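Report on the following structure.
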Amino acid sequence: MNIAVLRETEAGEARVALMPDSVQKLVALKASVSIESGAGLGAARTDDDYRNAGATVIDDRNALLGSADILVVVNRPSPEDFNRLKKSAVVLGFLRPLDEPAELAPALAHGLTTFAMELVPRITRAQAMDALSSMATVAGYKAVLLGANQIPRMFPLLMTAAGTVPPARVLILGAGVAGLQAIATARRLGAVVEAYDVRAAAGEQVRSLGATFLEVDLGGLQTEDKGGYAVELSEEALKRGRDLIAEHAKTADVIITTAQVPGRRAPVLMEEPAVDAMKRGSIIIDLAGATGGNVSVSKADEVVEREGVVIMGPTNLPGTVPVHASQLYSRNVTSFLNLLIKDGELHLDMDDNIVGPSCVTHDGKWVNERVAAAMRAVVK
Ligand code: NAD
């Protein structure tokens, strides 16, 4: 059974789906691994590193695709690449099934079996496969560095002979995986950090990292589902949050927004007046750009400036930390591949409580009900 790895072609993408240490593990499982020449260079891994790990390096992308039993990617392949695969082939990667279901129609039409890392259920057994958490960790860390690099001041409190330099003030909106990593990073750099989230459970985690948790009275509203994830809030509850945020935004030097609701558009947490009331020289980094953004004026992958306030909407910060982002992703996908390989052969057990729910298309059908519903909404 042949596992193939492509060189990623999206602009700004330097990650690779499998790193050499994962190749070694897969070869030990009696699988063969082929990789497109140059695929690891962005993540500082050469063709020789892959050869030494037991992979075959191939120049011809089309030949590589045609020989793949499992294609492992970071980003969704193009329709042309889907069509070059064998009909029995399996594709595994970030396929954006809920945000862009129609883009997977070519894979469906070609009869491919596709698994989306975004759909891996967040149950204890699947923790080692949680690529969303891995990438959110990297994004939260890098967002703070981006902010620190951009603002015209320093982060830590300094007491010098020339006087005292006050610490930077950082406000984090959404204290999930990315937000908590951003808090920890900003605290290590010496900033004073405040954070807001609708989930009460986030408060304890925020405080344990040395930040202040901003609380708002949402009138006893249910803010979490059974799995502990945030639900979409009513307009009234959102407004209460926005008012609190606007008040604290006035004194912030850096705001990092990470709020998302699985399968829905990201909540708008800052509108124009809140942005316009910020200090000159401050910055907002909106990490929810891929799902519509938390800031009404942010634009995905663009830098907007309003009266001295910079608003960035980077959608692929993990791609700017390619070595560690690839290392984490590679281990996540390798853990998933472990479920698909038995005695060196492809073995699809759709009754498995990770494999089944992560499957998007199989045998020409939409398998995941949420994706099927998202597709029906698009076709309507
Ligand atoms: P996410 O990326 O979907 O959302 C980020 C944060 O935004 C969440 O904390 C959410 O509560 C918050 N949010 C949503 N709407 C908001 C609003 N209107 N205002 C303010 N904040 C809002 O979430 P995530 O980072 O992937 O994970 C969320 C939680 O799940 C975390 O507590 C994390 O520790 C937990 N988690 C559990 C597992 C597991 O294996 N059980 C795995 C990963 C994450």
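Order of listing sets the numbers, starting from 1, for every ligand and every atom in it. Keep in mind that this is a model prediction, so the values were computed, not measured.
R306 has a carboxylate O that lies under 4.0 Å from a charged side-chain N of E272, or vice versa, which qualifies the two as a salt bridge. A salt bridge links E100 to R76: one of the charged nitrogens lies within less than 4.0 Å of a carboxylate oxygen. Comment: R96 does not engage E118 in a salt bridge, judged by the lack of any side-chain N to carboxylate O separation of less than 4.0 angstrom.
Listed by chain and residue number, L158, A162 satisfy the side-chain contact (heavy atoms from CB on, under 4.5 Å) test with T160 (two or more places apart in sequence, or in another chain). Partners of E10 under the side-chain contact (heavy atoms from CB on, under 4.5 Å) rule, at least two apart in sequence or in another chain, are E13, N75. Every residue two or more places apart in sequence or in another chain was checked for a ring-ring contact (aromatic ring centres under 6.0 Å, His included) with F213, and none qualifies.
Sorted by chain then number, the residues whose non-hydrogen atoms approach ligand 1 to under 4.0 Å are R122, Q127, D130, S133, G174, A175, G176, V177, Y196, D197, V198, R199, Y229, A230, L233, L238, T258, A259, Q260, V261, P267, L269.
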